[in-house]
Engineer: 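Sharing a structure here in structure tokens format.
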Amino acid sequence: MEKKIVVLPGDGIGPEVTAEAIKVLRAVEKSFGCVFALQEALIGGAAYEAAGDPLPPETLAACRSADAVLMGAVGDPRQAAAPVDKRPEAGLLRIRKELGLYANLRPATVFPDLISLSCLRPERLGNGLDLLVVRELTGGLYFGEPAGEDRRDGVRRAFNTMLYTEEEIRRIARVGFAAARKRKARLCSVDKANVLAVSRLWREVVEETRGEFPDVELSHMYVDNCAMQLVLRPEQFDVLLTENLFGDILSDETAAIAGSLGLLPSASLSGPQGGAGLYEPVHGSAPDIAGQDRANPLASILSLAMMLDMSCGLPEAAAAVETAVRRTLREGYRTEDIAAGLPGTRLVGCREMGDLVAGRIARAASETSR
Ligand code: NAD
């Protein structure tokens, strides 16, 4: 089985962490007998410098014909003064829209060996943190029309429109239910139905959709309460389903609880079955540490694990990658962002961390197949 993967290293630490994920992918190839045809393409500042466009047409065409896209990060201080539509981040927004990636999945995990990195006290974390935020990515307040600024009676006003159709809600609800089904089968839909008309429709449509997933337990929570519950008792949650703005805020809150940006992967999908998704670490291009072998590649490696599971149909390989990451952490290896204050750490750079995880794939693969 050959899978075509388009690799978009991007800017800053993007190429460094992506190189380590590719190292791990090659180890998976050897252990699991699958073949990956990789094609590298430009995005972000690198693309703007080379082609004057942060998302060149060739990159988009390559992504459209791929089984999955593995991205690093975009963001380059050299383009700070470039027109808004030429900045690196514009390439990222466009690729999501062009590929119809309306579902953003962000797992947040506190690895048992890294509990002290969390901003929460250990007793708040209970058995650790293991939840998934399913965020609608292409609708809501960020895209609704009308949006803009005007002047009424001499007073400046600004406005955005929170708008969802029932179809937009239904398709993301299905992604949420399907994701919960693969986990502990508990879905909490987050809205503001006591105030917002959009949220009332959201709740109605999520309720209508639950009949398709009778094995998943559904609950609803207002977003303000959810923000509070996340820091009070995060272990009550399995999968959180929510719209674009609420998801943006709540997923950053879960990132803070998890501890380090360098550990958090994400997937952006165009349907509940995975399909040709885009996989990337949650972090940005980190220009402050770029080119110094100091970046943590684990978020990129864990994004690769999501890709193997959701777009390549290789759940055993995905589990092997996760096991290899856990084992590497258990043995005390740390990049500097996750080393602080932890006793018995063995400080490594980005490349060595990639070597360690890749080197453990074979062992982890034989363990998970037992
Ligand atoms: P950032 O995530 O790049 O960095 C924030 C801080 O976390 C920095 O101190 C950085 O050194 C550290 N950090 C991030 N990833 C790390 C890793 N893997 N290992 C160790 N340390 C890590 O956010 P920022 O500084 O606000 O943004 C920098 C650029 O990245 C900007 O141009 C921004 O627009 C862009 N950005 C891109 C994405 C993306 O590509 N999806 C996401 C966020 C920010």
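Quantities reported herein were computed from a predicted structural model and do not represent experimental measurements. Atoms within a ligand are numbered from 1 in the order they appear, just like the ligands themselves.
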Engineer: Please could you name the atoms of ligand 1 that E89 approaches to less than 4.0 Å, counting only its heavy atoms?
Structural biologist: 31 (C), 32 (O), 33 (C), 34 (O), 35 (C)
Engineer: Using side chain to side chain contact (heavy atoms under 4.5 Å, CB included), reason through F111 and R330 one step at a time and then give a plain yes or no.
Structural biologist: CA-CA 9 Å; F111 293 98; R330 164 88 358 134; over 6 Å; no
Engineer: Is it the case that the side chain of R210 and the backbone of V216 share a donor-acceptor pair, with hydrogens and angles ignored and the cut-off at 3.5 Å?
Structural biologist: no
Engineer: May I ask whether atom 3 (O) of ligand 1 is less than 4.0 Å from at least one protein heavy atom?
Structural biologist: yes
Engineer: Does a side-chain N-to-carboxylate-O contact under 4.0 Å join E89 and R87?
Structural biologist: no
Engineer: Quick check: does H283 get an N/O under 3.5 Å from an N/O on ligand 1?
Structural biologist: yes
Engineer: Would you call P287 a ligand 1 contact, heavy-atom distance under 4.0 Å?
Structural biologist: yes
Engineer: Decide whether E16 and Q292 meet the rule of one side-chain donor and one side-chain acceptor closer than 3.5 Å.
Structural biologist: no
Engineer: Is the closest protein non-hydrogen atom to atom 25 (O) of ligand 1 under 4.0 Å?
Structural biologist: no
Engineer: Does the side chain of D76 pick up a donor-acceptor pair with the side chain of Y48 at under 3.5 Å?
Structural biologist: no
Engineer: Has R94 got a side-chain atom pairing as donor or acceptor with L55's backbone, closer than 3.5 angstrom?
Structural biologist: yes
Engineer: Can you tell me the protein heavy atom closest to atom 8 (C) of ligand 1 and the distance?
Structural biologist: D288 OD2, 3.5 Å
Engineer: Suppose I only count heavy atoms of G75 and a 4.0 Å limit; which atoms of ligand 1 are within that range?
Structural biologist: 32 (O)
Engineer: Please check if any side-chain donor atom of S268 sits under 3.5 Å from a side-chain acceptor atom of R96, or the reverse.
Structural biologist: no
Engineer: Mark up the atoms of ligand 1 that fall under 4.0 Å of a heavy atom belonging to A73, in ascending order.
Structural biologist: 40 (O)
Engineer: Around atom 39 (C) of ligand 1, find the nearest protein heavy atom and jot down its residue, atom name and distance.
Structural biologist: L92 CD2, 3.7 Å
Engineer: Should G284 be counted as touching ligand 1, given the test is an N or O pair under 3.5 Å?
Structural biologist: yes
Engineer: Tell me, which protein residue and heavy-atom name are nearest atom 21 (N) of ligand 1, and how many Å apart are they?
Structural biologist: I289 CD1, 3.6 Å
Engineer: Taking atom 32 (O) of ligand 1 as the reference point, report whether a protein heavy atom occurs under 4.0 Å from it.
Structural biologist: yes
Engineer: Can you tell me if D11 uses its side chain to pair, donor with acceptor, with the backbone of G45 under 3.5 Å?
Structural biologist: yes
Engineer: For atom 35 (C) of ligand 1, what's the nearest protein heavy atom and its distance?
Structural biologist: V74 O, 3.1 Å
Engineer: Using a strict 4.0 Å cut-off to heavy atoms of I13, name the atoms of ligand 1 that fall inside it.
Structural biologist: 15 (N), 16 (C), 17 (C), 18 (N)
Engineer: Is D67 salt-bridged to K4, going by a charged N under 4.0 Å from an acidic O?
Structural biologist: no
Engineer: Flag R294 as yes when one of its N or O atoms lies below 3.5 Å from any N or O atom of ligand 1, and as no otherwise.
Structural biologist: no
Engineer: V321 pairs by side chain to side chain contact (heavy atoms under 4.5 Å, CB included) with which of D309, I301, L314?
Structural biologist: I301
Engineer: Should the pair R181 and F213 be classed as cation-pi, given the thresholds of under 6.0 Å to the six-membered ring centre and 45° from the axis?
Structural biologist: no
Engineer: Taking only heavy atoms of A286 into account, list the atoms of ligand 1 that are under 4.0 Å away from them.
Structural biologist: 3 (O), 10 (C), 11 (O), 14 (C)
Engineer: Any salt bridge linking R346 with E331? Criterion: basic side-chain nitrogen under 4.0 Å from a carboxylate oxygen.
Structural biologist: no
Engineer: Are any of the N/O atoms on D76, whether in the backbone or the side chain, positioned under 3.5 angstrom from an N/O atom of ligand 1?
Structural biologist: no
Engineer: Mind running side chain to side chain contact (heavy atoms under 4.5 Å, CB included) on Y222 and S199 for me, showing each step along the way?
Structural biologist: CA-CA 9 Å; Y222 296 138; S199 283; over 6 Å; no
Engineer: Of all the atoms in ligand 1, which lie at a distance below 4.0 Å from a heavy atom belonging to A295?
Structural biologist: 19 (N)
Engineer: Report the nearest protein non-hydrogen atom to atom 18 (N) of ligand 1: residue, atom name, distance rounded to 0.1 Å.
Structural biologist: N296 O, 3.0 Å
Engineer: Please identify which atoms of ligand 1 are closer than 4.0 Å to at least one heavy atom of E280.
Structural biologist: 41 (N)
Engineer: Between M71 and ligand 1, is there a nitrogen or oxygen pair with a distance under 3.5 Å?
Structural biologist: no
Engineer: Among all protein heavy atoms, pick out the one at the shortest distance from atom 5 (C) of ligand 1; state its residue, atom name and that distance to 0.1 Å.
Structural biologist: L261 CD1, 3.9 Å
Engineer: Taking D130's backbone N and O only, do any of them form a donor-acceptor pair with R183's side chain (distance below 3.5 Å, no angle check)?
Structural biologist: yes
Engineer: Quick one: nearest non-hydrogen protein atom to atom 30 (O) of ligand 1, plus distance?
Structural biologist: S285 N, 3.1 Å
